[in-house]
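Structure first, then comments.
Predicted, not measured: the structure shown is a model, and the values here were computed from it. Naming convention: chains lettered A, B, ... in sequence-line order (proteins, then strands); numbering from 1 in each chain.
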Amino acid sequence: GAGVSQSPSNKVTEKGKDVELRCDPISGHTALYWYRQSLGQGLEFLIYFQGNSAPDKSGLPSDRFSAERTGGSVSTLTIQRTQQEDSAVYLCASSLGGASSYEQYFGPGTRLTVT
Amino acid sequence: ILNVEQSPQSLHVQEGDSTNFTCSFPSSNFYALHWYRWETAKSPEALFVMTLNGDEKKKGRISATLNTKEGYSYLYIKGSQPEDSATYLCATTNFGNEKLTFGTGTRLTIIP
């Protein structure tokens with residue numbers, strides 16, 4: 001079946017602009033995660049959605065970052081007033097349940113470059 | 001150990017040789033350990049999820065072990081092939097916390 005998809009695959013934006021990144025999880029997966037990998041860094045957790053529960057936003061680096069998940073499916077990560085340090089590969093993942101026991105299936109990522 | 005740490009950071013291995021690398025993690029409050037393979041220009045691919053001390057898992061030429069008491073996991077690759085070239089990531093989850101905490105990965109290059 002279809003895997004996790006993300007769009008756009010690449011995004012170049014000017015400092016100060018807002019960007020929206022989209023994630024389509026695997027159908028039936030209740031959990032959805034956003035991560036990012038900055039140059040030379042490991043994968044960094046950003047936010048986690050599980051079913052109808054309140055999302056775990058503990059990884060969002062600043063209040064310029066927000067995410068929503070509509071209808072328990074598609075998710076959008078929004079970065080307002082982008083800064084150069086926001087340049088990274090943003091990865092979305094979904095799983096059948098929480099990460100404690102279930103494998104996460106990752107999308108191909110969005111490479112964001114802030115100039 | 002305060003964070004998830006992986007060693008070595010990078011590794012070059014001759015085709016046909018076997019190799020292994022390490023993931024170390026805080027053992028307190030540990031729940032599960034995940035291994036992923038991330039090839040360039042592709043999505044990270046799940047290899048194993050392990051929870052119990054002494055767990056061993058195998059998928060083809062790749063296997064992994066887990067020691068939760070001392071806080072480490074080994075990933076083994078037997079008879080390395082060029083297609084094994086990738087970054088291998090480990091990540092942990094803790095009780096009551098569903099997020100994955102990743103190490104910085106081991107970049108493996110197989111030399112033909």
Side-chain angles (χ1 to χ4, degrees), chain A residues 2-7 9-10 23-26 29-51 53-61 67 69 88-111, chain B residues 1-10 21-26 29-52 55 57 59 62 64 66 68 75 86-107:
Chain A
V4 178
S5 61
Q6 292 186 245
S7 60
S9 55
N10 280 285
C23 171
D24 283 87
I26 293 172
H29 280 192
T30 61
L32 186 147
Y33 304 78
W34 283 98
Y35 300 89
R36 72 175 179 181
Q37 186 177 45
S38 306
L39 191 63
Q41 304 294 314
L43 274 172
E44 174 190 14
F45 166 81
L46 297 176
I47 188 168
Y48 160 58
F49 296 90
Q50 170 63 301
S53 303
D56 177 352
K57 304 179 183 180
S58 59
L60 295 178
R69 188 178 185 191
V89 176
Y90 288 81
L91 287 168
C92 173
S94 70
S95 66
L96 282 170
S100 294
S101 300
Y102 292 97
E103 296 175 346
Q104 295 190 8
Y105 294 83
F106 283 82
T110 294
R111 182 176 296 277
Chain B
I1 299 288
L2 297 179
N3 299 309
V4 179
E5 299 175 357
Q6 292 187 247
S7 63
Q9 191 172 31
S10 66
F21 28 91
T22 306
C23 173
S24 302
F25 53 87
N29 218 30
F30 167 86
Y31 186 83
L33 184 127
H34 299 236
W35 279 103
Y36 287 86
R37 174 170 60 200
W38 195 0
E39 295 178 64
T40 303
K42 293 186 178 181
S43 309
E45 172 197 357
L47 293 174
F48 306 112
V49 181
M50 296 182 288
T51 57
L52 299 176
D55 258 354
K57 294 216 173 175
K59 184 183 289 189
I62 303 177
L66 178 65
T68 61
L75 189 79
T87 296
Y88 290 81
L89 298 168
C90 74
T92 62
T93 56
N94 294 330
F95 279 102
N97 191 333
E98 298 295 340
K99 69 180 185 185
L100 285 171
T101 301
F102 282 88
T104 52
T106 292
R107 184 186 296 274

Query raised in the report: Would you call A/Leu91 and B/Pro44 a side-chain contact if the rule is heavy atoms closer than 4.5 Å?
Result: yes

Query raised in the report: Who pairs with B/Arg37 by salt bridge (charged side-chain N to carboxylate O under 4.0 Å, His left out), at least two apart in sequence or on another chain?
Result: B/Glu45

Report task. Start with the C-alpha distance between B/Trp38 and A/Phe106, add both sets of side-chain angles, then the distance that settles side-chain contact (heavy atoms from CB on, under 4.5 Å), and finish with yes or no. Result -> CA-CA 10 Å; B/Trp38 195 0; A/Phe106 283 82; over 6 Å; no

Requested in this report: Would you please test A/Tyr35 and B/Leu100 for side-chain contact (heavy atoms from CB on, under 4.5 Å) and show each step?
Outcome: CA-CA 10 Å; A/Tyr35 300 89; B/Leu100 285 171; 3.5 Å; yes

Report summary line: Highest number of heavy-atom pairs under 4.5 Å with chain B among A/Ser58, A/Pro108, A/Gly59 belongs to A/Pro108

Query raised in the report: Rounded to the nearest 0.5 Å, what separation is found between the CD atom of A/Gln37 and the OG1 atom of B/Thr104?
Result: 9.5 Å

**Report entry** Approximate separation, where rounding is to 0.5 Å, of A/Gln104 CD and B/Thr93 OG1
**Finding:** 9.0 Å

**Report entry** B/Gln9 atom CD: more than 12 heavy-atom contacts under 6.0 Å
**Finding:** no

Report summary line: Looking only at heavy atoms, the pair that brings A/Tyr33 and B/Lys99 closest together is CE2-CA, 4.5 Å

Report summary line: Sorted by chain and residue number, the ring-ring contact (aromatic ring centres under 6.0 Å, His included) partners of B/Phe21 (sequence neighbours excluded) come out as B/Tyr88

